[in-house]
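Structure, as structure tokens:
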There are 2 protein chains.
Amino acid sequence: MTDETTIVRNTRQRAAVRDLLADCEGFHSAQDLHAILRERGERVGLTTVYRTLQGLADAGEIDVMRPPGGEHLYRRCSEGHHHHLVCRDCGRTVEVEGPAVETWAQRVAGKHGFVDVSHTMEIFGTCPECAAARS
Amino acid sequence: MTDETTIVRNTRQRAAVRDLLADCEGFHSAQDLHAILRERGERVGLTTVYRTLQGLADAGEIDVMRPPGGEHLYRRCSEGHHHHLVCRDCGRTVEVEGPAVETWAQRVAGKHGFVDVSHTMEIFGTCPECAAARS
DNA sequence: GCGCTTTTGACAATCATTACCAATATCGCG
DNA sequence: CGCGATATTGGTAATGATTGTCAAAAGCGC
């Protein structure tokens with residue numbers, strides 16, 4: 001336990017979680033993923049799902065989003081880092097990219113001497129359809 | 001029910017929460033604020049603090065930040081909208097402004113037809129001191 | 001195969017937030 | 001000014017996601 005032990009052993013459970021994330025494109029909660037694994041017949045404990053997701057998140061292999069609802073959502077980290085535009089009403093999500101934002105965040109953090117920088121950004125609004133339905 | 005029932009009555013409790021937020025510059029959790037009110041002798045229920053904060057947040061009078069820790073943090077909304085650079089280790093927070101980000105968010109959301117746009121952004125990193133201490 | 005270590009996982013614990021609902025305070029109005 | 005309808009309060013219970021615990025089981029180096 002002296003060195004930074006991340007994930008040192010390959011286990012059936014971790015593989016299951018990884019595979020599942022590879023299959024599911026969008027965001028899913030830990031509880032969600034656990035339920036899906038159960039349905040598939042994979043026997044993985046809820047605790048393990050949480051731990052694995054945390055590990056993967058720490059390792060930067062997956063993204064975490066924390067919507068106002070309270071549940072954390074995890075997603076396989078696609079190469080292109082991008083952000084989310086979420087409709088307040090229907091929950092529809094659009095993925096958007098913002099290279100300018102990335103560099104801005106890096107620059108600002110660097111200016112204050114911060115290192116190992118990451119960031120989260122979410123844009124909320126009302127999508128055209130909901131706005132129309134709202135009358 | 002056609003009209004948005006926001007806050008229709010002025011009560012001692014709501015005033016207390018507002019005043020408190022006016023005093024405290026930084027971010028505070030609901031539980032925090034409640035404890036402070038208690039110490040001050042103001043008798044305000046925890047439930048009411050939560051409700052009031054939610055109302056104020058909805059009305060756009062205060063900002064909400066949701067750090068990884070899980071506790072929601074509320075802050076009196078200063079006129080200049082700005083974001084936060086948070087140290088992962090010591091929790092030190094630096095306020096940063098990014099006009100470019102604001103306009104970018106608006107533009108991107110608008111491009112997708114979204115209206116009534118708001119956004120949240122947080123930058124995480126390791127501050128110089130913690131980075132040094134980390135060796 | 002052996003043994004040391006990591007990992008698992010069922011369950012309990014934690015903890016912020018929300019629901020409930022009777023008691024209370026507010027405010028318009030006569 | 002007082003009354004009454006109604007918004008609001010607040011103690012407590014419920015909710016529900018996440019984390020802690022720790023004995024049992026599984027990996028991996030040899």
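Below, all heavy atoms of this structure are taken into account, side chains as well, without hydrogens, waters or symmetry copies. Chain letters run A, B, ... following the sequence lines, proteins first, then strands; residues in each count from 1.
dA17(D) atom C1' lies 13 Å from atom CG of Asp32(A), rounded to whole Å. Taking atom CG of Leu33(A) as the reference point, atom P of dT18(D) lies 11 Å away to the nearest angstrom. In this entry the distance linking CG of Leu53(B) with C1' of dG10(D) reads 15 Å, nearest Å. Remark: P of dG10(D) and CD of Glu42(B) are 11 Å apart, rounded to the nearest angstrom. Computed from coordinates, the Arg12(A) CZ to dG9(C) P distance equals 6 Å when rounded to whole Å. The distance between atom NE2 of His34(B) and atom P of dT12(D), rounded to the nearest whole Å, is 12 Å. Note: CG (Leu46(A)) to P (dA12(C)) measures 14 Å, nearest angstrom.
Note that CG of Asn10(A) is 7.0 Å distant from CZ of Arg18(A), once rounded to the nearest 0.5 Å.
A close approach under 4.0 Å does occur between a side-chain nitrogen or oxygen of Arg14(A) and OP1 or OP2 of dT8(C). OP1 or OP2 of dT18(C) has at least one side-chain nitrogen or oxygen of Gln54(B) nearer than 4.0 Å. Residue His72(B) has a polar side-chain atom (N or O) positioned under 4.0 Å from OP1 or OP2 of dT17(C). Here Thr47(A) does not reach the OP1 or OP2 of dC11(C): none of its side-chain N or O atoms lies under 4.0 Å away. Using a 4.0 Å cut-off, no side-chain N or O of Tyr50(A) falls inside it from OP1 or OP2 of dT19(D).
Counting non-hydrogen atoms of other residues, nucleotides and ligands closer than 6.0 Å to CZ of Arg12(B) gives a total above 12.
With hydrogens and angles ignored, a donor-acceptor pair closer than 3.5 Å exists between the side chain of Arg51(A) and the base of dG9(C).
The 5' end of DNA chain C is approached more closely, in terms of each residue's nearest nucleotide, by Leu73(B) than by the other of Leu73(B) and Gln13(B). Taking the nucleotide of DNA chain C with the nearest heavy atom to each of Gln31(B) and Val49(A), the more 5' of the two is matched to Val49(A).
Which of dG9(C), dT17(C), dT18(D) sits closest to the side chain of Ala30(B) comes down to dT17(C). Closest approach to the Thr48(A) side chain among dT18(C), dT18(D), dG9(C) is made by dG9(C) (side chain taken as heavy atoms from C-beta onward). Closest contact between the side chain of Arg9(A) and the listed nucleotides dT9(D), dT18(D), dT7(C) involves dT7(C).
Thr11(A) comes within 4.0 angstrom of the backbone, heavy atoms only, and of no base.
Looking at Gln31(B) and Tyr50(B), their side chains do bring a donor and an acceptor atom within 3.5 Å of each other.
The distance between the ring centers of His84(B) and Phe27(B) falls below 6.0 angstrom. In this structure, the ring of His119(B) has its center less than 6.0 angstrom from the ring center of His83(B).
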